[in-house]
Protein chains: 2
Amino acid sequence: MAGEIKQRMIDSTALLLAKRGLQGTSFSEIIEASGAPRGSLYHHFPGGKDELVLAAVGAAGERAMAVLEQLSGRSAVDVATAFLALWRSVLTRSEFSAGCAVAAVTVAADSNELLDRAGGVFRGWRHSLSDLLTAGGVDERRAQALAASLIAAGEGAVVLSRAERSLEPFDLVANEQLAVIEAASGGHPRHHDDPTRSDPA
Amino acid sequence: MAGEIKQRMIDSTALLLAKRGLQGTSFSEIIEASGAPRGSLYHHFPGGKDELVLAAVGAAGERAMAVLEQLSGRSAVDVATAFLALWRSVLTRSEFSAGCAVAAVTVAADSNELLDRAGGVFRGWRHSLSDLLTAGGVDERRAQALAASLIAAGEGAVVLSRAERSLEPFDLVANEQLAVIEAASGGHPRHHDDPTRSDPA
DNA sequence: GTCTATACGAAGATAGAC
DNA sequence: GTCTATCTTCGTATAGAC
């Protein structure tokens, strides 16, 4: 099916963006990584690299959204734990060579269109997380602040840990965030050796 | 003096890195921005772009360290407020077009040398902030986690606000972090309409 | 020590065959 | 619709004059 190869190109692009950043990701690498023929790239994406990157940012956003949707009905601590575990697994599975594609694109964006797409993804995450935290026992106003904090702290912690090539900063940040969420949600307890560390997938 | 022009090249590079990212920053732009003659670039930096970027990351690290050193003796909330205000002013003064040069380099680093430099900067910030928070009334172990959280949340919040081109996410995150610091330092109160917003410099 | 002109390579885009 | 070969642009680096 034609959609197969197209999707593989998008996914490969998202991964490369998360590893090397926007301008650090070349067409040649995408082609090699996806196994796609060079000619078909412009067939599927007439807009070239810009169009492909736009699609990859959207896909990265959707992937996280899909994870969040699975968490409906869980406690606030569970939700936060799962969200942080997602980022931790990105670090461990890539051996600190990958981070967040959306953030990587944001700090090197060369068009408003790209920035809009990235902003839309973050807005979506904030909204979804906020709803989940509210449902999980957090006051609605506070949930908005905690959702933004969770995303910001997670994103930042990934950067710190990539630079230091150590999980130490990420784990410090993750534990701190979980403690705050726990307190804000009325103290649903979490496991002692925090569940963030159980690698999913 | 020869050091003048060299410093201006470094500073221009740091600013461009914060705006456009690593590979998005070209030599031509640096030359234009710094007003330096093209020939003198390789005179001062025989190692070319790599050497210049390395220096710029170090300079960006030092600049924040200098701000932190001014805060010795202040309360934990004051320290956190000043640190967050620093990032908020980067956003407002650049109209959301700039972020953190160290983070931008980290997510697009193409050498271990560069990653090491960035990691060293973050370690330095963490250490310094942790000491300040401890002196400001926070338990020593907790101060390490709060220092990492403050940096991570600040970095992440800058990314969110750049992408959304709005201070909303940054302010949500900053207020949340300040509330946590306040609680952890024994409740030294902060102003009602948070002092993060008073732009320094 | 500063400048200009240029060489070299890489990356994105395109044209035309199959 | 898929592929290959090529064109153009741009960015880094260097060489050599002043």
Side-chain angles (χ1 to χ4, degrees), chain A residues 1-57 101 104-105 107-115 117, chain B residues 1-57 101 104-105 107-115 117:
Chain A
M1 187 204 263
E4 280 289 314
I5 178 81
K6 187 171 179 180
Q7 192 58 44
R8 214 166 50 236
M9 288 192 277
I10 293 173
D11 291 341
S12 296
T13 303
L15 180 60
L16 282 166
L17 289 174
K19 281 178 181 280
R20 303 201 219 294
L22 182 54
Q23 295 91 346
T25 297
S26 76
F27 252 39
S28 314
E29 285 174 306
I30 294 171
I31 288 158
E32 191 180 1
S34 66
R38 187 172 189 82
S40 59
L41 228 160
Y42 282 93
H43 174 67
H44 293 294
F45 300 93
K49 188 180 178 180
D50 291 353
E51 186 180 348
L52 183 50
V53 167
L54 230 43
V57 169
V105 163
V107 302
D110 49 6
S111 77
N112 277 344
E113 198 180 3
L114 200 46
L115 221 47
R117 184 69 62 101
Chain B
M1 187 201 263
E4 278 291 314
I5 177 82
K6 187 171 179 179
Q7 192 58 44
R8 211 162 56 233
M9 287 192 278
I10 293 174
D11 291 341
S12 296
T13 304
L15 179 60
L16 283 166
L17 288 174
K19 280 177 180 281
R20 303 200 218 295
L22 181 54
Q23 295 91 346
T25 298
S26 75
F27 252 40
S28 313
E29 285 174 306
I30 294 172
I31 288 157
E32 191 180 0
S34 66
R38 186 171 190 83
S40 60
L41 226 162
Y42 282 92
H43 174 69
H44 292 295
F45 300 93
K49 186 179 178 179
D50 290 353
E51 186 180 346
L52 183 50
V53 168
L54 230 43
V57 169
V105 163
V107 302
D110 49 6
S111 78
N112 278 343
E113 198 180 2
L114 200 47
L115 221 48
R117 185 67 63 101

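Naming: A, B, ... by sequence-line order, numbering from 1 per chain. The structure displayed is predicted, hence computed values, not measured ones.
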### Task
Go through the steps to decide whether Leu114(B) and Leu22(B) satisfy the test side chain to side chain contact (heavy atoms under 4.5 Å, CB included), and finish with yes or no.
CA-CA 11 Å; Leu114(B) 200 47; Leu22(B) 181 54; 3.8 Å; yes
Which protein N or O atoms sit under 3.5 Å from an N or O of nucleotides 15-18 of chain D?
none

### Message
So if I take residues 14-33 of chain B and measure heavy-atom distances to DNA chain C, which residues fall below 4.0 Å?
### Response
none
### Message
Without decimals, in angstroms, what is the distance between Tyr42(A) OH and dT2(D) C1'?
### Response
16 Å
## Note on the structure
In terms of heavy-atom contacts, Ala108(B) and Gly21(A) come closest through CB-CA, 4.4 Å
### Task
Considering non-hydrogen atoms only, spot the tightest contact between Ser34(A) and Arg8(A) and give its length.
O-NE, 3.1 Å
#### Entry: Nearest atoms (heavy-atom pairs only) where Ala36(B) meets Ile31(B)
O-CG2, 3.1 Å
#### Entry: Spacing between Phe45(B) atom CZ and dT12(D) atom C1', to the nearest angstrom
16 Å
### Message
Please give me the minimum heavy-atom distance between Leu17(B) and Ala101(B), naming the atom from each residue.
### Response
CB-CB, 4.0 Å
### Message
Side chain of Arg38(B), heavy atoms from C-beta onward: which of dA13(D), dT4(D), dT2(D) has the nearest atom to it?
### Response
dA13(D)
### Query
Rounded to the Å, how far apart are Asp110(A) CG and dA11(C) P?
16 Å
### Task
Please report, rounded to the nearest Å, how far the P atom of dG1(D) is from the CG atom of Leu41(A).
16 Å
### Message
I need the NZ-P distance between Lys49(B) and dG11(D), as an integer number of Å.
### Response
9 Å
### Message
Minimum heavy-atom separation for Ala55(A) and Phe45(A), please, with both atom names.
### Response
CB-CE2, 4.2 Å
### Message
So which atom in Ile30(B) and which in Met9(B) form the shortest heavy-atom distance, rounded to 0.1 Å?
### Response
CG2-O, 4.2 Å
### Query
Any side-chain N or O of His44(B) less than 4.0 Å from the OP1 or OP2 oxygen of dG1(C)?
no
### Message
Without decimals, in angstroms, what is the distance between His43(B) NE2 and dT4(C) P?
### Response
16 Å
### Any donor-acceptor pair under 3.5 Å from Thr25(A) side chain to Leu16(A) backbone
yes
### Task
Any side-chain hydrogen bond (donor to acceptor under 3.5 Å, both in side chains) involving residues 48-57 of chain B? Give me the pairs, sequence neighbours left out, ordered by first then second residue.
none
